[in-house]
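Taking it in order: structure first as C-alpha cells, then the write-up.
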Amino acid sequence: MNDDRFLYERISRRLLEQIGAGSFAVGQKLPSVRRMSGLFQVSVNTVMQSYRHLEAEGYLEIRPQSGVYVRSADIHGIPEPDGSRYPLLPVELSLSEEVLHYMELHADPQMMRLGIALPGPEVQPVDRVMQTIRDVTRHHALEAWDYMHPNGHPLITHHLARRSLNYEVPITPDDIIVTGGAMEGLSLALRCVSKPGDAVAVESPTYYGALLLLETHQRRVVEIPTHPRHGISLSALEQVFAKGEVSACMVATNAQNPLGFTMSLERKRALVVLSEKYGIPLIENDVWGDTVYEEGAVPAKAFDRAGLVIYCNSFSKSLMPGLRIGWAAAGRFQKRFRELRQLSTITATSMGQIVMGRLLESGFYTQHLRELRLHLREQVNETAAEIVRHFPAGTRLTRPTGGCVLWLRLPGQVDSVALFRRAAAEGIHVFPGGVFSLDGKHADYLRINAGSPVTARLRRALAWLGETATEMAASPSCYCRDKPE
C-alpha cells in the first residue's frame with residue numbers, strides 16, 4: 001500500500017511541476033489514463049488515483065467521456081470539501097514558539113511588512129485620530145484619567161447597537177461589553193463556554209492567533225475543512241456536532257483570515273441553526289467585518305435567536321490597532337462574560353473609549369469605512385496582479401471579499417518556511433502558511449498582506465519573492481517538502 005501511495009504521489013508531483021512550469025496550460029487536456037500508465041509503467045488505477053487527488057486539490061477537472069483538464073489558477077474554483085478526507089478528531093496544539101518567531105520581524109521598521117495582516121497607516125486617518133486624542137486630553141481629562149464603566153462608554157455601546165438595526169435579532173446597548181481588543185473578547189468567550197481539555201471546532205485554515213489562544217487555554221482543536229469562497233463545511237461541522245466531541249466552535253464569517261471569504265446569508269443562517277440544533281455555542285470573530293468591500297454584510301450573530309453566538313469585534317483592523325478597543329455581545333453568556341471581564345482587566349482604556357465614542361458620534365467612522373474599503377480592494381487587486389506577474393506558473397491565490405490578505409499556494413510543494421527565511425534575510429517579512437492549520441496541511445502556502453499602497457519598493461519585494469519561489473520550485477531537492485527518497 002505504501003508503494004502504491006508513493007507511485008501516485010510521484011505522478012502527482014511530476015504533473016504539478018509540469019503545470020507550474022507552464023507545460024500544461026489552463027484548460028489544456030492531459031494525456032489519457034492509459035497513456036500515462038504506459039509512460040510511468042504503473043497501473044491504470046494508480047494514474048486515476050493521482051488524477052482524482054489533483055482534482056480534489058483543485059488543480060484538475062475530470063470531465064466524463066471527455067478527459068482530464070487543467071483547472072483555472074483561481075483557487076476559488078476548488079470543490080467544496082465534505083470532511084471525508086479529514087480525520088475530524090481533537091488534536092492538541094504546540095504552535096506558540098513557532099508563531100511568535102514569525103511575528104517578531106514585524107517590529108523591525110526596516111522590514112518590508114508583508115507578514116502581519118493590517119491596513120497600513122497610509123490608508124488610515126492618523127491625523128484625525130490624533131487630533132481627537134488631543135481634544136479629549138484637553139476637554140475630558142478627568143474622564144479619561146478615571147476608570148470607565150465595566151460595560152463600556154455609552155457613546156460606543158449605543159452607536160454599535162444602532163448598527164444592528166437590520167439584524168433579524170438586533171443587539172441592544174446593554175448587550176455590548178467593551179473589551180481590550182478582539183483577542184480579549186475571544187479569550188473571555190472561550191472561558192465562558194469551555195474548560196481546559198475540551199475540544200473546540202475551528203476552520204482549516206484559520207487565523208493563527210485563534211490557534212495560539214486555544215493552545216494557551218489548553219483546549220484541543222478539531223479542524224473543519226473550509227472552502228475559500230463558501231466558508232466552513234457545514235456538513236463536516238454537523239458530523240462533529242452530532243458526535244458531541246466539541247464544546248464550542250470558533251468561526252469568522254466575514255472576510256475570514258487567511259482565506260478572505262464572506263459566507264452568504266443563507267450559510268450564516270444555516271450555521272446558527274446548526275448551533276441551536278446541537279446546543280453548541282459559536283464564538284464569532286468578526287474583526288474584519290467592517291472591511292467587507294460590499295456594504296451591508298452582517299455577521300452570523302444577526303440570526304442568533306437562541307443567544308448561543310458570542311460575537312467579538314474590534315477597531316484594530318478598521319481604524320487603529322494601538323487603541324486596543326474591541327467589543328463583544330455574549331448572548332445568554334452575558335453574565336458570565338461580564339464577570340470574567342471584571343476579574344481580568346476590569347475595563348478597557350478610558351481614553352480609547354472616549355476617542356472612539358466621539359468618532360462614532362460624529363459619523364466620521366462610517367465615512368472612513370467607505371474610503372477604507374475602496375483603498376483595500378484596490379491594493380489587493382494591484383498586489384495580486386504583481387503576484388501573477390512575478391510568481392511561478394501554477395501559483396494559486398485567493399480573491400478576498402474584504403480585508404487585505406492574499407492566500408497563496410506555491411507550486412511544486414515549495415516549503416514556505418524556507419521562503420520565509422530567505423525573504424527575512426532580504427529584509428522582507430512574509431507569513432508561512434503552516435501555522436494556519438495543524439500537521440503541515442498548508443506548509444506550501446504563504447499569506448501576504450496587501451494593506452499598503454503598491455509602491456516601487458513593494459513591487460521590487462514581490463518580484464524578488466516571485467523569482468525566489470520560482471528558483472525554489474525548480475530545485476525540489478533543496479526547498480520542497482515531502483521529497484521522494
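Predicted, not measured: the structure shown is a model, and the values here were computed from it.
- Formation of a donor-acceptor pair under 3.5 Å by the H227 side chain with backbone atoms of H230 is found in this model.
- Between the side chains of S204 and E223, at least one donor-acceptor pair of N or O atoms lies under 3.5 Å.
- Between L408 and R396, the closest side-chain pair of non-hydrogen atoms is not below 4.5 Å.
- Residues E122 and H375 have side chains that never bring a donor and an acceptor to within less than 3.5 angstrom of each other.
- Inspection of the R219 and S194 side chains reveals an N or O donor paired with an N or O acceptor under 3.5 Å.
- A donor-acceptor pair under 3.5 Å is formed between the side chain of S416 and the backbone N or O of Y445.
- Remark: side-chain polar atoms of E284 are paired, donor with acceptor, to backbone N or O of A300 under 3.5 angstrom.
- Stacking of R447 on the aromatic ring of F436 is not recorded, the 6.0 Å distance cut-off and the 45° axial limit not both being met.
- Counting only residues at least two apart or in different chains, salt bridge (charged side-chain N to carboxylate O under 4.0 Å, His left out) contacts with residues 313-324 are absent.
- Of the possible polar contacts, one joining the T291 side chain to the G403 backbone as a donor-acceptor pair under 3.5 Å is found.
- In the model, Y293 has no side-chain atom that pairs as donor or acceptor with a side-chain atom of T262 under 3.5 Å.
- The main-chain N or O of I280 is found under 3.5 Å from a side-chain atom of S275 such that the two form a donor-acceptor pair.
- Other residues, nucleotides and ligands place more than 12 heavy atoms under 6.0 Å from the CZ atom of R63.
- A donor-acceptor contact shorter than 3.5 Å is absent between the side chain of T383 and the backbone of N381.
- Within the 3.5 Å criterion, the main-chain N or O of A182 finds no donor-acceptor partner in the side chain of T179.
- A distance-only check finds no donor-acceptor pair linking the side chain of S37 to the backbone of V33 [under 3.5 Å].
- Residues K29 and V70 are not in side-chain contact: their nearest non-hydrogen atoms beyond the backbone lie 4.5 Å or more apart.
- Using a 4.0 Å cut-off between a side-chain N of Lys or Arg and a carboxylate O of Asp or Glu, R422 and E471 qualify as a salt bridge.
- Listed by chain and residue number, D290 satisfy the salt bridge (Lys or Arg N to Asp or Glu O under 4.0 Å) test with R163 (two or more places apart in sequence, or in another chain).
- E266 has no carboxylate O lying under 4.0 Å from a charged side-chain N of R269, or vice versa, which leaves the two without a salt bridge.
- Under the 3.5 Å distance criterion, the side-chain polar atoms of R220 are left unmatched by any main-chain donor or acceptor of V246.
- Using modelled atom types, one side-chain atom of N285 and one backbone atom of V287 make a donor-acceptor pair closer than 3.5 Å.
- Taking the six-membered ring for Trp and the full ring otherwise, W407 and H442 have centroids separated by under 6.0 Å.
- For residues 372-381, the salt bridge (charged side-chain N to carboxylate O under 4.0 Å, His left out) pairs, not counting sequence neighbours, are E294-R377, E295-R373.
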